[in-house]
Engineer: 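Here it is, the structure in full.
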Amino acid sequence: MGTVCKMSSGRSWVINALYILLSIFSFGVSGGLVQSCGYIIPESPVLTRGSSFTALCILNESCLDLGNIHANQIIWRIKSSVVPKEQYHVINRTVSSVTFNDTSILATPLTCNILADGQIEQNIYGIAVTVGLPPEKPENLSCIVNQMSKSKFIMTCTWNPGRDTFLATDFRLKSQWPQETLPDCMPQGVNNSCNTSNVQFFVNLEVWVEAKNALGKAESEPIDFDPVDIVKPLPPHNLIVSSEDLPTVLKLSWDNQIETFEMELKFNIRYRMSDSPDWMEVPPEDTESHRTSFTVQSLKPYTKYVFSLRCMKKDGMGFWSDWSKEKSGVTSEAKPSKGPALWRKIDMFHSPNFWAVHLIWKKLDPSEANGIILRYEVTVRARSRLSPSPATYNVNSTNLTLNLTNGTYEVTVTAHNKIGGSPPSFLLIPASNSKAPVKDLKAFPKDGKLWVEWKVPNNNVVKYVIEWCVVSDSSDCTTEWQQELGTSQGTFLKGNIKPFKCYLITVHPLYNNGQGNGQSTKAYLQQSMPAKGPTVQTKKVGKAEAVLTWKPLRVDEQNGFIRYYTILYRTIGGNETAVNVDPSKTDYTLSSLSSDTLYMVKMKAYTDEGGTSGPEFTFTTQRFGKGEIEAIVVPVCLAFLLTILLGVLFCFNKRDLIKKHIWPNVPDPSKSNIAQWSPQTPTKHNFSSKDQIYPEGSFTDVSVVEIEADDKKSFSDQDLKHFNLLKKEKSTSEGHSSGIGGSSCMSSPRQSVSDSDESETAQNTSSTVQYSTVILNGYRDQIPSVQVFSRSESTQPLLDSEEKPEDNSGGCDSATPRQQYFKQNCSQDETNTDGSHFERAKQVTPPINEEDLVGLAQLQISDHSLQQCGSGPEQNKHESALSDVLSSSTEGQILRLETMGINTATVDEIPKSYMPQTVRQGGYMPQ
Amino acid sequence: MEVLRVDRANLRPSAAASSSAQQEVATKIKQTHSLTVLLKRCSEQLLAEYVRHQGEPFSSANFQPPAMTVPGLPSPPVSLEAWLALSDGERLWHLAVAYAALPGLLGAVQQQQDDLNPLASELHRQLDAAARQCRGLAVNLEGLMGALGVPGPPSPAPNLGSPPPNAFLAKLRGYHVCRLHRDWAARSHDALVRLTTKYPL
């Protein structure tokens, strides 16, 4: 109202004043009590949902006098929402009605309000409206009498109460005997069932349900029954299971919990073996009569059975009781019904005549053992001998090892319990494997187990033995086995068959008189992806192809049958290419690769379940293919060689020209006029005086080789003779020197060479300067040799000797070099001025082989060459130093080593040194 | 003992009666017979239970009080021959009279026992059950008599006599009610056995 008062227009002030007046008036009328200005009919109606409803609002006359109030000012509201005016009907000045066609929209409160003059709406009256439904007829009434204890029964009746009425609805179970009404049963907290303990058997009872609420009452169809016919009795109790003498029966006894004068019962008896979940039932017709005991037959001996039973009224009226508590009992023992499954393993000893036969047999299944197996009796009878007496063994375990000699044996095994023995199991040892094997052996998983099946080879098979083991790289194949009947053509492997393991399964058919060859197959119970992929690598990489190789996966890694390999290879950033490869292969050649490209390759091994990749391997193809380099290099080389050859040929053809340019003609001393010169003719150099020869540092053209006594020792006697002879000759020519080139220098083909330039210059001057001066020391008075002198003056004889260079280097037998040598030795001796060396050489002639001589010859020659060719002062120095050594040393060994060193240095220059001689051979042109 | 004449012809199975009606009667007889068997056993148990809770001299093994009439409850014929000598209708009529009275008498005994032996729940249960069984038998007998054409007895006046002046007499009254209940149960069983043989299922 306060909000209304706040209206600020002038008109609102008037309304406000009027309202206050009206309020005061009403207070005045009521005498201090708030009196309503009207009321609604009906008051607090309970309405059926969906029906139509009309309410009247009647204004009091007294209120009308207050102002200009009329029933057409009435506004109906449901809660706060206004009811549309179309539903209003003004009956007269004081009465307005409202009609609802569907009461389901109604809600509490329904109010009657009046819009007084000036928009002020005032509540006149309000009513609570209850909308609901009358109860439906309860359906599906049914009753059951539950036995609670021996003398207490409770009847429970249930029904379907029908739809929700939205109203408080009272359900009660009514019952009556034909001429007597019984107390009603009132449901406790529910509306669809009721329990009563007033149960009287053998008197027909009629029950029905009555549902009642403010909108109506409904009754179910009555049902009529004798309560004894709807009893669910308590199950029998105190069940006792006892064994009898017979091993196939057990006697049950129990107490019923309902009196026979109340009802007689029939029973269901069920039982199962204690290790089986499957119940069997005694034929119901056997237990249709009231009883407290029953003997169950056709049981297995020495087997634990579990029993329970239930009951109901004998005539089938009512309900089965719950099953009684389970009780178990064990049947008596009986003889084992079957012999144990028997098999063998035979170990051949070193001698094939002795076997270790391991007899193995299976424990009997409890259903076959029929008791506790106390022992096994094994008999072994040799078949071949006449009237053999079988050997008998009593064994507690399930194996027996026999050492037998070669032969055929019949083995039987019987299992014994306290009642008796089983039928014998029979095995022939060794059974020849000549009989027909099974055909079409297959093994595959089935129903979560490994199934083996085969085709019968013929009809005479007594039984089959199936052996199996896990194929593994890490452990041996530990064989397990089982036996199947001769009629079977398949079996599940009994044992702990693991998934992902490869099983090798062998089936042996056994005949009465032998055994068939074992047939084998492999199988997996469950396959999986391989544990790892193959590690691939390249064996050979070419330009466009690569040979990949890998090791097959180990059996333990396979996890299944490898069906194929996939080789996946790609370049960096390139698409992957896959190639499938047969699992039997261990290498594969990738072709059509790009050259000089990095490839990544990996390999996947696939079983039926999927594939696993191995590690990735990278390789780079080669830039050039096989033979490409050769194809390039060989022609180039050939061309090069050809060029050289052509060059050589050219040079050869133009050798005269070349020679003219490179090698000036050396005049032939033999054709020279100097040959007619007297030896005393002084040379240009005038080396006649001994003093002139030996000044240090000026020793340019003279080669001096000093041969020590040790060297002399190696000379043969013949040589020494020559030597002596030479000495005599030298003694006559002492102090002379050849005016034209030294013969000793020219005598060696190598030495004539030296360096082309040097030798050239040397030879250029050879026509004018002497080659060498041979200085002989010692017996100058003896046989002054003309030949020697002439040779030293002429080149011709030297050239003769030079024509056999091979003799000097190889054999050293020719006298010429030796002569030279000796000559040089003479000079050397002269240097040393010690003739006793030769004497010593004569006396002590140590064995010296020809090689030493060669060495010496070369050494000497080399020295000459050095001497000859080394025209510079350094060469002279070297020579003088050498001569110093030679003169000072008496130890030939050292000298030889030193000269050897020089020798090697010279020998290196040999190839160069040959040319002039070749040229000379063609003819020496005198200058 | 009041003797009622019953037209025997009405009790004979009518040849005209349909076999289903016969079946119905036979079923009814069988049911009632079962109830009398139950009643017989229960009444014996009740008497034993009642005696057990009343103390001396009732619990004495050789307690044999002289027969005492209970107001409103006729005594059954002493000898079986005399009872069997009656016609089926007569026996049913006598039973109907007795079982019209017994539930009230047993109810009265239970009320007494509520005061005398409030903790004897089994006795109370049995008395309660006995009263219900008797009512049930009365209902069955009425139906059977209607089916067999035997006129029912007049509704008995609720005359239970004056309440016993002291506890002993109350116990003695109760004892006699229980004993009569047992005797009538035996007689009713005999009667129904006869009827069962006469109306086999």
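A, B, ... follow the sequence lines: proteins, then strands. Residue 1 opens every chain.
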Engineer: Any chance the side chains of A:T156 and A:N195 put a donor and an acceptor closer than 3.5 Å?
Structural biologist: yes
Engineer: Consider side-chain hydrogen bond (donor to acceptor under 3.5 Å, both in side chains). Of B:Q54, B:H53, B:K171, which one does B:Q113 pass it with?
Structural biologist: B:Q54
Engineer: Spell out the residues in residues 117-126 of chain B that have some non-hydrogen atom less than 4.5 Å away from a non-hydrogen atom of chain A, in order of number; otherwise answer 'none'.
Structural biologist: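 So far as heavy atoms go, B:R125 are the residues that approach chain A to under 4.5 Å.
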Engineer: Strictly under 6.0 Å, is that where the ring centroids of B:F168 and B:F58 end up?
Structural biologist: yes
Engineer: Do A:N192 and A:F171 touch side chain to side chain, with heavy atoms closer than 4.5 Å?
Structural biologist: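 Not in contact.
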Engineer: Less than 4.5 Å to any heavy atom of chain A: does that hold for the side chain of B:A138, its backbone, both, or neither?
Structural biologist: neither
Engineer: Classify the ring geometry of B:W83 against B:W184: parallel below 30°, tilted from 30° to 60°, perpendicular beyond 60°.
Structural biologist: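 Correct class here is perpendicular.
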Engineer: Looking only at side chains, do B:S87 and B:E90 share a donor and an acceptor under 3.5 Å apart?
Structural biologist: yes
Engineer: For a 4.5 angstrom cut-off between non-hydrogen side-chain atoms, does B:R91 reach B:R187?
Structural biologist: no
Engineer: Report which part of B:R41 has an atom under 4.5 Å of a heavy atom belonging to chain A: side chain, backbone, both, or neither.
Structural biologist: side chain
Engineer: Salt-bridge test for A:D322 and A:R310: reply yes if a basic N is under 4.0 Å from a carboxylate O, no otherwise.
Structural biologist: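 No, A:D322 and A:R310 are not salt-bridged.
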Engineer: Non-hydrogen contacts under 4.5 angstrom with chain A: give the residues of residues 24-39 of chain B involved, or none if there are none.
Structural biologist: B:K28, B:Q31, B:S34, B:L35, B:V37, B:L38
Engineer: State plainly whether the residues B:R132 and B:D128 are in salt-bridge range, i.e. N to O under 4.0 Å.
Structural biologist: yes
Engineer: Under 4.5 Å heavy-atom distance to chain B, tell me which part of A:V228 shows up: side chain, backbone, both or neither.
Structural biologist: neither
Engineer: Under 2.5 Å between the sulfurs of A:C157 and A:C185, yes or no?
Structural biologist: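 No - the two cysteines, A:C157 and A:C185, have SG atoms at least 2.5 Å from each other.
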Engineer: If you count heavy-atom pairs under 4.5 Å between each of A:Q179, A:M263, A:E259 and chain B, which one has the most?
Structural biologist: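 Highest number of heavy-atom pairs under 4.5 Å: A:Q179.
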Engineer: Does the side chain of A:L205 come within less than 4.5 Å of A:M155's, by heavy atoms?
Structural biologist: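 Heavy-atom side-chain distance check passes, below 4.5 Å.
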